[in-house]
Amino acid sequence: MPNHFHLLVGVRSELDLSGFQNLTGLTKHPSKNPAIKGFTDFFNSYTKAFNKRFERKGNLFIRSFRRTPILNERQWQETFLYIHINPVKHGFVKDHINWKWSSGYAYQNMTKYSNLEREYYLNFFDGREHVQNMMKVKKEWLMNKDLE
């Protein structure tokens with residue numbers, strides 16, 4: 001979207017941390033969490049590059065990113081669907097597949113090259129048809145929500 005974006009990111013639990021003997025407290029502080037630190041570094045680098053290119057100074061993002069841990073399969077499904085239906089929710093497109101900055105197209109066109117691990121999402125759904133049906137239900141619910 002023009003003013004925000006969503007990412008569903010998995011963090012591998014089998015991190016190669018060889019050489020570290022005592023990892024106690026590594027993730028207690030956000031700046032020590034490898035995933036959070038990675039995103040913070042990414043946003044800072046992006047902001048610096050953007051500011052340099054457009055000869056500007058200051059913050060690029062209004063606030064820092066929020067993160068919500070995914071604790072179960074149902075929450076993963078809801079998050080996946082929400083992210084893809086979000087451009088419809090905000091009225092940018094009528095069909096989520098038409099939002100060109102979404103990964104929705106990559107999931108619809110499994111034969112086309114993508115950097116996404118697209119097969120992974122099938123761990124949370126009963127096949128591609130199940131995803132399409134759930135997306136349709138979500139979209140109908142979303143469109144009718146404003147009428148209530």
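- Considering only residues two or more places apart in sequence or on other chains, Val93 meets the side-chain contact (heavy atoms from CB on, under 4.5 Å) condition with Pro87, Val88, Asn98, Trp99.
- Listed by chain and residue number, nothing satisfies the salt bridge (charged side-chain N to carboxylate O under 4.0 Å, His left out) test with Arg118 (two or more places apart in sequence, or in another chain).
- With sequence neighbours left out, the ring pair (Phe, Tyr, Trp, His ring centres under 6.0 Å) criterion links His84 to Phe80, Tyr107.
- In this view, Phe42 satisfies the ring pair (Phe, Tyr, Trp, His ring centres under 6.0 Å) rule with no residue, not counting sequence neighbours.
- In this structure Asp126 satisfies the side-chain hydrogen bond (donor to acceptor under 3.5 Å, both in side chains) test with no other residue, sequence neighbours excluded.
- Counting only distance, with no hydrogens or angles, the side chain of Gln77 and the backbone of Asn72 share no donor-acceptor pair below 3.5 Å.
- Listed by first and then second residue, the salt bridge (charged side-chain N to carboxylate O under 4.0 Å, His left out) pairs involving residues 98-115 amount to none (not counting sequence neighbours).
- Every residue two or more places apart in sequence or in another chain that forms a side-chain hydrogen bond (donor to acceptor under 3.5 Å, both in side chains) with Tyr82 is listed here: Asn86, Lys89.
- Scored by the side-chain hydrogen bond (donor to acceptor under 3.5 Å, both in side chains) test, Glu129 finds no partners at all (sequence neighbours excluded).
- Residue pairs that meet the side chain to side chain donor-acceptor pair (under 3.5 Å) test with at least one member in residues 49-61, sequence neighbours left out, are Asn51-Arg56.
- Listed by chain and residue number, Glu78 satisfy the side-chain hydrogen bond (donor to acceptor under 3.5 Å, both in side chains) test with Lys138 (two or more places apart in sequence, or in another chain).
- The backbone N or O of Gly104 lies less than 3.5 Å from no partner atom in the side chain of Gln108, so there is not a single donor-acceptor pair.
- Applying the side-chain contact (heavy atoms from CB on, under 4.5 Å) criterion to Asn123, with sequence neighbours excluded, gives Tyr120.
- Here the side chain of Lys139 pairs a donor or acceptor atom with the backbone of Lys94 at under 3.5 angstrom.
- The ring pair (Phe, Tyr, Trp, His ring centres under 6.0 Å) test applied to Tyr113 returns no partner, not counting sequence neighbours.
- Ring geometry, His4 versus His90: the interplanar angle exceeds 60°, so the pair is classed perpendicular (tilted spans 30 to 60°).
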